[in-house]
Structures are given as structure tokens and as C-alpha cells.
Amino acid sequence: MPLVSTRQLLDEAAKGGYGVGAFNVNDMEQIQAIMEAAKETNSPVIIQASRGARAFAQDNYLYHLMLAAAELYPQIPLAMHLDHGNSFETCESAIKLGFTSVMMDGSLKPDGKTPATFEENVAVTKKVVDYAHERGISVEGEIGVLGGIEDGHGAGGSGLDHVTDPDQAVEFAELTGVDSLAIAIGTSHGAYKFTKKPDGSVLKMDLLIAIHKRLPNTHLVMHGSSSVPKDLQDIINQYGGKLKETWGVPVEEIQLGIKNGVRKVNVDTDNRLAITGAIRKVLWETPEKFDPRDYMKPARAAMQKVVALRMTQFGQAGHASDYTAISIADMAKGYKNGTLVTKPLVAAK
Ligand SMILES: [Zn+2]
């Protein structure tokens, strides 16, 4: 199957009532781990790359690895997504390269750190939506500001500093026409999300539910949604690591989100933990080894295990063969003739 639009994957997920994991990659082994997990669980999947990943791997390597994945797994609907685009130019370059969807994170100024005004966010996101939809590419926006920093991107601080206002979310969706919307409900990027198991005081699921009621036709996106499981932290620390105790977003909370309009769930940290733990274990137990394959193979297998588990928990498992790809050219036609335009339905407050 050619690379498909994220919009198609999310529309199908909404029909089927499940969520789709969006897993970050920087290299070949991570792409291989995700595709094997998708094959193992028969899952559609979104693979995403941040600006940091594009700088690390170089665009052409990343793009051709993604094409290889699409060739090798023709049965898997696969979208290639830009995570946290910081400007129109970043999104434009990703689209020109061949990404099938982009995130324009206009919640921050182009420095990727300073919160932007609502007006600035609307203006840059709308510009990206116009450019992208004309080319059949879907767009994720962000309203409210996530906590933490990852890959040099983020406002830092707590996830509760700038949670999404439901009225603004509705207005933003109407003004920009985004296909999907990342909302800030208390989650943060990185491994250190919560200092205790999160409850309603730090993770605002009630806010998510309120936003979905008012925007039932806009796919919601949960960022910073690694669960940071204790067993993965323990493996790292058992073999010489020094992670501080931390909590991520419990899978049950993500599943509650999926019941309430969340269609894309971003996971990065859990995979980083799995890879690092597996590599540490090999190097600790067999310090005489020096062939990178001796630790990259278990690292890849450890990531595959985490991804396959998340695919099952998010509900996307078993859905790879539900549909055939809509070409990007046909997506462009759909946006043009209005059949794909998101129409926010404003329910009573
Ligand atoms: Zn994010």
C-alpha cells in the first residue's frame, strides 16, 4: 500500500471506535520494530518524525526508509507524519519531501518554546491547512500548551500551565479547518510526566470529554502519552541506569480518552526506555561483546513488544485490512469538493 493520509486512518478509527498509536522514529531499527509490531497485530499505523529526528537522520534517509516500510508491508495502512512542525516552512518542506500529514504546532512561537497568542496560532495553522489540503495532506493543530520538553521542543513546566479551553478549541477548529487537534489536558513530553500516579487533579480527562462533546467531528490527539511502565524503568536501573522514579499516563486513561474522541495517541518515551534497557542489559551482562547487532537486535525486539502491546490496548489491532488506501490525489479532491472538510458541530455549553 502506498503511504496513506493520516486523515483516512483517523476517519476509519472513528468509525471503528478505536485509537491509532503514532510512534516516533529516528532510525531504521525503530521503523522495523513498528512495522513488525503492525504485522504481528494486523494494525494500521502512524509513524512520525520530529524536527529533531529529521536533523538526526536527514530527510532523505527517513523518507526512503518509510518507502521501504510501505513496500515491505503492503497490507499495512501506513501514514508518515511530521510531529510538532514549528513554522509554515517546516511543514511545507515535510510535504514536499512526501510526508502524508503534518502537525503545525502553532501553540508555540517558531522558537518552539514561547507560547504564542491564539491569533498567531490560528493564522499560521490556517496557512498550513490551506497549503496542505490543496495537496491532499492532513493537518493536526494544537490548542493549549503541553508541558515538558522533548527534542528541544516545548514550553517546559507543568502540563497544567496552559490547559485547553473548550471554547477556544471550538473556535480554533472552526477558523482553521484542521483534521485533528492536539489538546493540553495535563500531559507532558519526556519521561518525567508525573511525580505520583496521576489522578483527576493532574490529568484533566473531564476537560477532554467536554471538548469532544463540543467538537465531535474533530479527531482529538493525545500527546505525551507514554505510560512509562515501572518494569521498563527497572530494567534500565538494574543494569546501571539512574532514572528517577516517575509516572506516565496510565493506559486506562488513554482508553477512556479513546472512548471520548481521541483517535491518535503519541508514544515515544516508552520505546526509548525499552531500547535503552535492552542495550544496557546486553552490555552489562556480556561486556566482551562489540558487534552492534548483538544489542540492536534485542533493542529492536524490546521496542516491537511495547508497540504491539500499545496497538492492542489502543484497539487498532486487527483493523489493517478494513479498508484500502485513498490516494493522496483523491484526498486533495475530497478537500476541494467539501466531502472531507471537518465541520465542527457546536453543541450546547
Ligand atoms: Zn508532542
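Both ligands and their constituent atoms are indexed starting at 1 by order of listing. Being a predicted model, the structure only gives us computed values, none of them experimental.
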Indicate whether any N or O donor in one side chain lies under 3.5 Å from an N or O acceptor in the other, for [X] and [Y].
X    : Y    : result
E140 : H81  : yes
N24  : D83  : yes
N260 : H212 : no

Which residues, ordered by chain and number, are linked to L232 in its hydrophobic cluster, where ILVMFWY side chains connect at heavy-atom gaps below 4.5 Å, directly or through other members? Y192, V228, I236, L243, L273, V306
Strictly under 2.8 Å of the Zn ion (ligand 1): which protein N/O/S atoms qualify? H84 NE2, H189 NE2, H223 ND1
Return all side-chain donor-acceptor pairs below 3.5 angstrom for residues 316-329, not counting sequence neighbours, or 'none' if the list is empty.
unit_1	atom_1	unit_2	atom_2	d
Q316	OE1	G21	N	2.9
Q316	NE2	P44	O	2.9
H319	ND1	D322	OD2	2.5
S321	OG	N42	ND2	3.4
S327	OG	D330	N	3.0

Could you work out, with side-chain contact (heavy atoms from CB on, under 4.5 Å) as the rule, every residue matching D27, not counting sequence neighbours? E29, Q30
